[in-house]
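Below: the structure, in structure tokens.
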Amino acid sequence: CSNNQAACGCCLMQKQMERMELVFNVTTKEMSQQLMNSKMTLNNIKNRSAFSVALNNEKTLTCFGPMTEDRRVPYKYIFLNLGDSYNAQTGIFTAPSSGVYSLAATVYSLSPLDLPQATCAQLQVNGVAVAPLIEKNGLDSEDSSTVVIARHLKAGDQVSVSLLKGCNICDDTSHYNTFTGFLLY
């Protein structure tokens, strides 16, 4: 600033404008980053997928099987179907997006002691067995098995539980037979 008072006021105003521009640019950059983070979070929420189903919700114990051939288990009672990727008509969960999923299944059966029985099934991805669920001890009237795995699935991969030939599973409102999966990341 010169000794001229008008020039000094102009100089002070210019310095103040430069400070305001700096603050504005920093604020704009921070807001842009927050907007990008919000968009990413919203996108992740849209792609979330989770399901949890049970064989049935009958008041009396109802069994599925034994069958003369392997058959996909049609879990009919839906606890949760976030993303609508589980189809109760087919018993198939279709991965809506690629990622790592947690998949779990529990099978249970109960039979009178005088009847042969076995609980045996397999968790399948695209029709190929990835984990067995087998108990055939024959020493009591109950058999059960559980499997939990983490698996990378591609968008469109189909996951199901298949009851093996000669085996059976039974369920009621206690929900002994469940099939669950969700996207981890």
Side-chain angles (χ1 to χ4, degrees), residues 44-97 99-153 155-185:
N44 287 339
I45 289 171
K46 286 182 197 174
N47 291 334
R48 288 199 178 161
S49 178
F51 73 97
S52 185
V53 295
L55 184 61
N56 66 49
N57 197 37
E58 302 295 325
K59 290 183 181 182
T60 59
L61 196 67
T62 305
C63 297
F64 180 73
M67 307 291 181
T68 57
E69 59 187 32
D70 296 355
R71 175 125 0 125
R72 186 180 312 115
V73 179
Y75 294 90
K76 297 295 184 191
Y77 186 74
I78 298 174
F79 298 110
L80 173 71
N81 194 7
L82 181 65
D84 294 322
S85 297
Y86 175 76
N87 183 324
Q89 300 305 314
T90 63
I92 295 174
F93 166 73
T94 303
S97 58
V100 176
Y101 288 78
S102 174
L103 303 168
T106 296
V107 292
Y108 168 86
S109 69
L110 175 69
S111 292
L113 290 174
D114 59 339
L115 292 177
Q117 66 116 70
T119 296
C120 47
Q122 57 189 9
L123 185 63
Q124 296 183 334
V125 175
N126 297 324
V128 177
V130 295
L133 294 122
I134 298 175
E135 185 185 352
K136 296 181 181 183
N137 71 15
L139 300 177
D140 60 10
S141 61
E142 296 179 304
D143 284 338
S144 67
S145 182
T146 298
V147 66
V148 179
I149 64 170
R151 174 96 181 197
H152 185 273
L153 299 176
D157 281 351
Q158 296 185 331
V159 183
S160 62
V161 175
S162 180
L163 184 68
L164 301 180
K165 176 176 106 176
C167 299
N168 70 320
I169 55 177
C170 305
D171 212 351
D172 59 20
T173 56
S174 296
H175 307 299
Y176 300 116
N177 290 278
T178 59
F179 179 30
T180 300
F182 54 89
L183 177 64
L184 291 170
Y185 60 91

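Every heavy atom of this structure was used, including side-chain atoms; hydrogens, water molecules and symmetry mates were not. Count residues from 1 along the sequence.
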Got a donor-acceptor contact below 3.5 angstrom from the [X] side chain to the [Y] backbone?
| X | Y | answer |
| --- | --- | --- |
| S145 | D143 | no |
| D157 | A95 | no |
| D172 | E58 | no |
| N177 | Y108 | yes |

Go through the structure and list residues passing side-chain hydrogen bond (donor to acceptor under 3.5 Å, both in side chains) with S162, not counting sequence neighbours.
-> none

Could you tell me which residues satisfy side chain to side chain contact (heavy atoms under 4.5 Å, CB included) with V148, sequence neighbours excluded, listed by chain and number?
-> S102, A104, T146

Which residues share a side chain to side chain contact (heavy atoms under 4.5 Å, CB included) with K76, sequence neighbours left out | P74, Q89

Let me see the working for Y101 and L183 under side-chain contact (heavy atoms from CB on, under 4.5 Å), right down to the final yes or no.
-> CA-CA 4 Å; Y101 288 78; L183 177 64; 3.7 Å; yes

At their closest point, which heavy atom of [X] faces which heavy atom of [Y], and how far apart are they?
| X | Y | result |
| --- | --- | --- |
| F64 | R72 | CZ-O, 3.8 Å |
| V125 | R151 | CG2-NE, 4.3 Å |
| I92 | T94 | CG2-OG1, 3.8 Å |
| E135 | E142 | OE2-O, 4.3 Å |
| C63 | L110 | SG-O, 4.3 Å |
| I134 | C120 | CG1-CB, 3.8 Å |

State whether a side-chain donor-acceptor pair under 3.5 Å links N56 with D171.
-> no

If you measure from [atom1] on [X] to [atom2] on [Y], what distance do you get to the nearest 0.5 Å?
| X | Y | atom1 | atom2 | answer |
| --- | --- | --- | --- | --- |
| K165 | D70 | NZ | CG | 8.0 Å |
| L82 | F182 | CG | CZ | 12.0 Å |
| M67 | N168 | CE | CG | 9.5 Å |

Start with the C-alpha distance between I169 and T119, add both sets of side-chain angles, then the distance that settles side-chain contact (heavy atoms from CB on, under 4.5 Å), and finish with yes or no.
-> CA-CA 6 Å; I169 55 177; T119 296; 4.2 Å; yes

Would a 4.5 Å heavy-atom cut-off, applied to side chains only, mark H175 and N57 as touching?
-> yes

Side-chain heavy-atom pair F179, L123 within 4.5 angstrom cut-off | yes

Could you check N87, T180, V161 and say which one makes a side-chain contact (heavy atoms from CB on, under 4.5 Å) with Y75?
-> V161

